[in-house]
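Structure record follows, encoded as C-alpha cells.
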Amino acid sequence: MLRNQMIDYVKKEQTINSLDVYKEEKDYIEKNQLVENDVQLKEKDAASRFSDAYIERSDKETEELLAEESNDFLNQPLDYLKTHKNEFIYLESKWFELINVETISLEVDDVFGTYDVMLGLKLQKKFGPVIKTYVNSALNGESVKYNLLFSGDEGVWNFNFPLNHVEGFHEDLSIGEAFQLIYSFLFTLAEAVEEGK
C-alpha cells in the first residue's frame, strides 16, 4: 500500500544525501523514517506539484472533450466552474497514482452549488469501514453527503465528495490549489487506511 509506494518513490528520487519532496511526502517519510538521518529532505513548493499533469475540460452532459489544458489553467480561480457549470475538469497525475487514486474530476453540483470531487480509489473492498470512518471524521459540516460505492467489476471504490467540506477549503482557491487540497485530503486517507484507523 502507501508505505511500499513511498519506499519506491524514495529510492527513485533520492540523490546521495538529499531528497526534494512535497509536504505530505516529507511528513510521511519523516514519520516512518524512510531515509537515513544524513539525508536532507528539502520541501518543494506545493504550487509545482501538478506542473506536469494532464488536464481536460469536458462537457458534463455529453462528456465531450472541450479542450486539453496546459498547467497554466490551474491558475484560474476555482469559481471558473461556477461560471461554466456545464463543464468538469479531469486531471491525471503521477501524484494521484502514488496514493492509489485514479480518474479524478472536479465540477460544480447543479443543485447544491458545491464543488464535487469524483474519483476512483484503488483499494480492496475490505477497507470500506476504514474509509468511511476517516471520511466521516474528516469532512466538516453537519450532515455532509458523500457517495462511496465499491465496484466489483473494476475493483475500485467510486468516491464522490464535496470539496467545500474539506478543511482548508475557501472560495478564493485557484483550481490548482483545489487539486492540492484534494491531494492532501486523499493522502491522509491513504495513511488512515494503512494504519487501519
Practice problem: Decide whether Tyr90 and Glu68 meet the rule of one side-chain donor and one side-chain acceptor closer than 3.5 Å. | Solution: no
Self-check item: ILVMFWY cluster, Met118 and Val101 together (side-chain gap under 4.5 Å)
Solution: no
Practice problem: Nearest 0.5 Å please: distance from the CG atom of Leu98 over to the CE atom of Met6. | Solution: 6.0 Å
Exercise. Quick one: do Asp116 and Leu163 satisfy side chain to side chain contact (heavy atoms under 4.5 Å, CB included)? Show the steps, please.
Key: CA-CA 6 Å; Asp116 285 356; Leu163 182 60; over 6 Å; no
Self-check item: Minimum heavy-atom distance between Lys126 and Gln124, given as atom pair plus value
Solution: CE-OE1, 2.8 Å
Exercise. Indicate yes or no: at least one non-hydrogen side-chain atom of Ile89 is less than 4.5 angstrom from one of Glu56.
Key: no
Practice problem: Give a yes or no on whether Lys23 atom NZ has more than 12 heavy-atom contacts from other residues, nucleotides or ligands under 6.0 Å away. | Solution: no
Quiz item: Is the count of non-hydrogen atoms from other residues, nucleotides or ligands lying under 6.0 Å from Glu167 atom CD greater than 12?
Solution: no
Exercise. Can you see which heavy atom on Val130 is nearest to which on Val193, and at what distance?
Key: CG1-CA, 3.6 Å
Quiz prompt | Phe161 and Phe185 aromatic ring geometry - parallel, tilted or perpendicular at 30°/60° bounds | solution = tilted
Practice problem: Measure from the side-chain N and O atoms of Thr62 to the backbone N and O of Glu64, and report whether any donor-acceptor pair falls under 3.5 Å. | Solution: yes
Quiz item: Taking atom OG1 of Thr15 and atom CG of Asp20, what is their separation to the nearest 0.5 Å?
Solution: 7.5 Å
Exercise. Give a yes or no on whether the backbone of Tyr134 and the side-chain of Ser137 come within a donor-acceptor separation of less than 3.5 Å.
Key: yes
Quiz item: Counting distance only, does the side-chain N/O of Lys60 pair as donor-acceptor with the main-chain N or O of Lys85 below 3.5 Å?
Solution: yes
Quiz prompt | Common cluster, Phe73/Phe88, ILVMFWY with side-chain heavy-atom separation under 4.5 Å | solution = no
Quiz item: In terms of hydrophobic clustering (I, L, V, M, F, W, Y; side-chain heavy atoms under 4.5 Å; direct or indirect links), are Leu181 and Val135 co-clustered?
Solution: yes
Quiz item: Could you go step by step and tell me if Glu102 and Glu92 meet the side chain to side chain contact (heavy atoms under 4.5 Å, CB included) rule?
Solution: CA-CA 8 Å; Glu102 62 178 26; Glu92 276 182 23; over 6 Å; no
Practice problem: Kindly indicate whether the side chain of Lys42, heavy atoms from C-beta on, has any atom under 4.5 Å from the side chain of Val21. | Solution: no
Quiz item: Looking only at heavy atoms, which two atoms of Phe187 and Glu25 are closest? And how far apart?
Solution: CE1-OE2, 4.0 Å
Quiz prompt | Minimum-distance pair of heavy atoms, taken over all atoms of Tyr183 and Phe50 | solution = CB-CZ, 4.0 Å
Practice problem: Could you tell me whether Lys122 atom NZ has more than 12 heavy atoms of other residues or ligands within 6.0 Å of it? | Solution: yes
Quiz item: Could you walk me through whether Glu24 and Ser184 pass the side-chain hydrogen bond (donor to acceptor under 3.5 Å, both in side chains) check?
Solution: CA-CA 7 Å; Glu24 291 80 6; Ser184 184; 3.2 Å; yes
Practice problem: Decide whether Tyr115 and Glu171 meet the rule of one side-chain donor and one side-chain acceptor closer than 3.5 Å. | Solution: yes
Exercise. Determine whether the aromatic ring centres of Trp95 and Tyr9 lie less than 6.0 Å apart.
Key: yes
Quiz prompt | Heavy-atom closest pair, residues Leu173 and Glu177 | solution = CA-OE1, 3.4 Å
Quiz item: Yes or no on side chain to side chain contact (heavy atoms under 4.5 Å, CB included) for Leu65 and Arg57, after CA distance, side-chain angles and deciding distance?
Solution: CA-CA 6 Å; Leu65 174 66; Arg57 284 186 304 109; over 6 Å; no
Quiz prompt | Interatomic spacing from CG in Asn158 to CG in Asn147 - rounded to 0.5 Å | solution = 9.5 Å
Exercise. Dump the intermediate steps for side chain to side chain contact (heavy atoms under 4.5 Å, CB included) on Ile182 and Ile104, then the final yes or no.
Key: CA-CA 10 Å; Ile182 293 164; Ile104 188 160; 3.5 Å; yes
Quiz prompt | Donor-acceptor pair, side chain of Asp45 and main chain of Ala47, under 3.5 angstrom | solution = yes
Practice problem: Flag yes if Ile7 and Val39 sit in one hydrophobic cluster, no otherwise; membership is Ile, Leu, Val, Met, Phe, Trp, Tyr, and two members link when side-chain heavy atoms are under 4.5 Å apart. | Solution: yes
Quiz item: Quick one: does Asp109's side chain have a donor or acceptor within less than 3.5 Å of a partner on Phe112's backbone?
Solution: yes
Self-check item: ILVMFWY network linking Leu119 to Val156, side-chain heavy atoms under 4.5 angstrom
Solution: no
Self-check item: Closest heavy-atom pair and its distance - Pro162, Tyr146
Solution: CD-CB, 4.5 Å
Quiz item: Will you find, in the side chains of Ser51 and Ser48, an N or O donor that is under 3.5 Å from an N or O acceptor?
Solution: no
Self-check item: Residue Lys125 excluded, over 12 heavy atoms near NZ under 6.0 Å
Solution: no
Exercise. Evaluate the side-chain hydrogen bond (donor to acceptor under 3.5 Å, both in side chains) criterion for residues Tyr80 and Glu87: first the C-alpha distance (whole Å), next the side-chain angles of each, then the deciding distance (0.1 Å), finally the verdict.
Key: CA-CA 10 Å; Tyr80 169 92; Glu87 295 182 13; 2.7 Å; yes
Exercise. Classify the side-chain pair Asn17/Glu36 by whether it contains a donor and acceptor separated by less than 3.5 Å.
Key: no
Quiz item: How long is the gap from CG on Asn32 to CG on Leu34, to the nearest 0.5 Å?
Solution: 5.5 Å
Quiz item: For Asp153 and Ser151, does a side-chain donor sit closer than 3.5 Å to a side-chain acceptor?
Solution: no
Quiz item: His165 side chain to Leu139 main-chain N or O, any donor-acceptor pair under 3.5 Å?
Solution: no
Practice problem: For Tyr54, look at atom OH and say whether over 12 heavy atoms of other residues, nucleotides or ligands are found less than 6.0 Å away. | Solution: yes
Quiz item: Would you say Val108 and Thr114 make side-chain contact, with heavy atoms under 4.5 Å?
Solution: no
Quiz item: Going from CG on Asp79 to CD1 on Ile175, what distance comes out if it is rounded to the nearest 0.5 angstrom?
Solution: 9.0 Å
Quiz item: Any Lys/Arg nitrogen of Arg3 or Glu194 sitting under 4.0 Å from an Asp/Glu carboxylate oxygen of the other?
Solution: no
Quiz item: In Å and rounded to the nearest 0.5 Å, what is the OG to CD1 distance from Ser105 to Ile55?
Solution: 13.5 Å
Practice problem: Would you indicate whether the side-chain heavy atoms of Glu43 and Tyr22 approach each other to under 4.5 Å? | Solution: no
